[in-house]
Protein chains: 2
Amino acid sequence: MDRVPEQTINRLPIYLRCLVQAASLNMPVINSLGLAQMAGTNAAQVRKDLSYLGELGTRGIGYDVEALIAHISGELGLTASRRVAIVGFGRLGGSLLGYSGFSERGFDIVAVFDADPAKIGTSVGGVRVRSIDELESGLAEEAIEIVLLTTPADVAQAVADRVVAAGVCAILNFAPVTLDVPDGVKVRPVDLSVELQVLSFHLARMTQEA
Amino acid sequence: MDRVPEQTINRLPIYLRCLVQAASLNMPVINSLGLAQMAGTNAAQVRKDLSYLGELGTRGIGYDVEALIAHISGELGLTASRRVAIVGFGRLGGSLLGYSGFSERGFDIVAVFDADPAKIGTSVGGVRVRSIDELESGLAEEAIEIVLLTTPADVAQAVADRVVAAGVCAILNFAPVTLDVPDGVKVRPVDLSVELQVLSFHLARMTQEA
DNA sequence: TGATGTGAAGTATTTCACAGCA
DNA sequence: TGCTGTGAAATACTTCACATCA
């Protein structure tokens with residue numbers, strides 16, 4: 001089987017979300033057009049994307065919703081829950097810990113690290129805040145697979161280096177810096193200012209063209 | 001001049017951030033390789049991207065940092081601050097209102113809407129929470145250009161329809177649904193569960209291949 | 001019959017490689 | 001000389017169109 005294109009990977013969680021909704025509406029089967037309309041794309045794209053995962057549909061019929069949910073979940077590695085840590089427990093880190101959407105989707109936040117002595121040792125939502133000094137040991141102890149990096153920008157790279165050295169291969173980076181990590185480590189940047197600036201670009205274009 | 005490719009637009013805010021940092025380090029000039037290293041890309045990409053904006057560099061030298069900041073800021077429409085509204089004032093909406101990074105970059109949150117009578121009329125951070133019933137009039141009154149959509153998923157499409165009908169052309173969508181909007185309206189989805197699932201895919205691939 | 005799966009065509013994006021200019 | 005700007009090549013992705021098969 002060929003490698004799955006990056007853009008296809010980005011759409012798989014969207015398809016999964018749509019399929020779960022279809023299942024909740026008691027649709028046993030969905031075709032590529034129906035899924036495309038829910039996901040905001042087109043039928044050919046859906047078929048091509050799903051074809052990278054195998055021959056999952058039935059010609060003349062479409063895709064079995066439950067079977068496709070199971071298959072995509074498997075591809076996304078969602079069969080077991082994943083152990084997640086928050087590094088940097090400021091305002092944003094606190095919000096993320098409180099967000100129920102993660103555990104609902106199998107992402108369990110089981111460790112929190114911060115440098116502030118006033119926070120260390122306190123417990124929030126059943127999770128104890130650890131010292132950043134215990135980062136390496138704590139990540140190993142808790143068998144962390146994914147780190148949510150929410151430190152201030154000026155220490156993000158240094159903390160990321162330690163996280164990577166501790167063996168973590170997946171980082172969701174909320175700090176407004178581009179992280180430099182070795183091959184094999186996946187970083188997804190989340191930067192709302194970047195998103196707003198992209199929207200602003202389009203607004204500027206519109207008013208200019210009109 | 002040719003249209004700027006979408007992927008280039010996505011990188012412009014990154015370049016801008018790197019340039020601002022370079023300026024803070026008192027670098028008067030930066031070359032494509034230096035900017036590429038800061039931005040996590042390569043020199044050819046930087047030159048190609050910037051070439052869509054015009055001939056901004058000096059051969060043999062590089063790019064004047066301040067001039068390039070000014071130019072990219074202009075392209076991104078950041079010369080004046082932009083008026084932003086939060087629609088859906090739950091936990092997430094509250095966090096976003098409290099985030100200082102927006103106003104620092106010229107995005108001013110000047111209106112907040114919610115459906116909960118307990119919240120309507122209260123003031124947070126100098127902004128009064130308005131009833132969702134006043135959505136259309138409020139968006140017009142405050143001359144809102146960008147909406148941060150943070151409603152529950154099940155009403156997100158309906159609210160988005162009203163936001164679009166009120167003339168807003170840019171939406172940052174935090175609801176875990178794919179919004180259907182007319183041509184000319186730009187939506188940027190922000191879904192942390194999707195991001196985590198993409199990371200999970202790569203983790204699954206790694207363990208499988210190893 | 002009707003919808004999938006997929007080569008092939010069409011686009012978009014990235015990278016190369018070097019002419020051109022300060 | 002050294003770095004930008006840019007056609008051209010290479011690669012990646014999307015869309016088309018239709019053979020294929022339940």
Side-chain angles (χ1 to χ4, degrees), chain A residues 1-15 18-19 22 27-69 71-72 75 178 183 198 201-202 205, chain B residues 1-15 18-19 22 27-69 71-72 75 178 183 198 201-202 205:
Chain A
M1 185 181 71
D2 229 18
R3 201 184 115 275
V4 183
E6 200 64 27
Q7 305 290 4
T8 295
I9 298 169
N10 292 339
R11 282 187 292 267
L12 291 180
I14 308 295
Y15 295 147
C18 296
L19 288 164
M27 297 170 59
V29 169
I30 194 166
N31 63 26
S32 57
L33 180 59
L35 185 49
Q37 287 172 340
M38 293 181 82
T41 179
N42 62 69
Q45 181 83 82
V46 167
R47 291 200 302 276
K48 183 64 97 177
D49 283 342
L50 296 181
S51 76
Y52 290 110
L53 310 185
E55 302 200 8
L56 305 177
T58 308
R59 288 162 204 248
I61 304 291
Y63 301 89
D64 181 277
V65 171
E66 289 298 343
L68 195 48
I69 287 174
H71 201 100
I72 295 180
E75 285 288 334
T178 302
D183 284 358
V198 171
F201 175 93
H202 290 290
R205 275 287 148 124
Chain B
M1 185 181 71
D2 229 18
R3 201 184 115 275
V4 182
E6 199 66 26
Q7 305 290 3
T8 295
I9 298 168
N10 293 339
R11 283 187 292 267
L12 290 180
I14 309 294
Y15 295 148
C18 296
L19 289 164
M27 296 170 62
V29 169
I30 195 167
N31 63 27
S32 58
L33 179 59
L35 186 48
Q37 287 171 341
M38 293 181 81
T41 179
N42 63 69
Q45 181 85 83
V46 167
R47 292 201 301 276
K48 182 65 96 180
D49 282 342
L50 296 181
S51 76
Y52 290 111
L53 310 184
E55 302 199 8
L56 305 176
T58 309
R59 289 161 205 248
I61 305 290
Y63 301 89
D64 181 276
V65 171
E66 289 299 343
L68 194 49
I69 287 174
H71 201 99
I72 294 181
E75 285 289 333
T178 303
D183 284 357
V198 171
F201 175 93
H202 290 291
R205 275 285 150 127

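The chains referred to below are lettered A, B, ... by the order of the sequence lines, with proteins before strands, and numbering in each begins at 1. Just so you know, these numbers come straight off a predicted model, no measurement behind them.
Rounding to the nearest 0.5 angstrom, the gap separating the OH atom in Tyr52(B) from the NZ atom in Lys48(B) is 5.0 Å. Within the model, atoms SG of Cys18(A) and CG of Leu68(A) stand 11.0 Å from one another, a figure rounded to the nearest 0.5 Å.
In terms of phosphate contacts, Asn42(B) brings no side-chain nitrogen or oxygen within less than 4.0 Å of OP1 or OP2 of dT14(C). For the pair Tyr52(A) and dC13(D), the criterion of a side-chain N or O lying under 4.0 Å from OP1 or OP2 is not met. Residue Arg59(A) places no side-chain N or O under 4.0 Å from the OP1 or OP2 atom of dT6(C).
The 5' end of DNA chain C is approached more closely, in terms of each residue's nearest nucleotide, by Lys48(A) than by the other of Lys48(A) and Lys48(B). Residues Gln45(A) and Thr58(A) each lie close to DNA chain D; by heavy-atom proximity, the contact nearer the 5' end of the strand is made by Gln45(A).
Inspection of the Glu6(B) and His202(A) side chains reveals an N or O donor paired with an N or O acceptor under 3.5 Å.
No engagement by Leu33(B) is indicated, since no non-hydrogen atom pair under 4.0 Å with the nucleic acid exists. Contact annotation for Ser32(A): backbone-only contact, meaning every heavy-atom pair under 4.0 Å involves sugar-phosphate atoms and none involves a base.
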Tell me, with the steps shown, if Leu12(B) and Phe201(A) meet side chain to side chain contact (heavy atoms under 4.5 Å, CB included). CA-CA 9 Å; Leu12(B) 290 180; Phe201(A) 175 93; 4.3 Å; yes
Could you please spell out the steps behind the side chain to side chain contact (heavy atoms under 4.5 Å, CB included) verdict for Tyr15(A) and Val46(A)? CA-CA 9 Å; Tyr15(A) 295 147; Val46(A) 167; 3.8 Å; yes
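One can place CD of Gln37(B) at 12 Å from P of dC3(D), the figure rounded to the nearest angstrom. Between the CD atom of Glu6(A) and the P atom of dT11(D) there is a distance of 18 Å, given to the nearest Å. Atom CG in Asn10(B) sits about 13 Å away from atom C1' in dA12(C), given to the nearest Å. The nearest whole Å value for the distance from the CD1 atom in Ile30(A) to the P atom in dG2(C) is 19 Å. Between the P atom of dT14(C) and the CG atom of Asp49(B) lies a distance of 7 Å, rounded to the nearest Å. Rounded to whole Å, atom P of dT4(C) lies 13 Å from atom CG of Asp64(A). One atom, OH of Tyr63(B), and another, C1' of dC3(D), lie 9 Å apart when rounded to the nearest Å. To the nearest angstrom, C1' of dC13(D) lies 13 Å from CD1 of Ile9(A).
The listed nucleotides are dG5(C), dT6(D), dT4(D); the one nearest the side chain of Glu55(A) is dG5(C).
For dG5(C), the base has a donor-acceptor partner in the side chain of Arg47(A) [N/O atoms by modelled type, under 3.5 angstrom].
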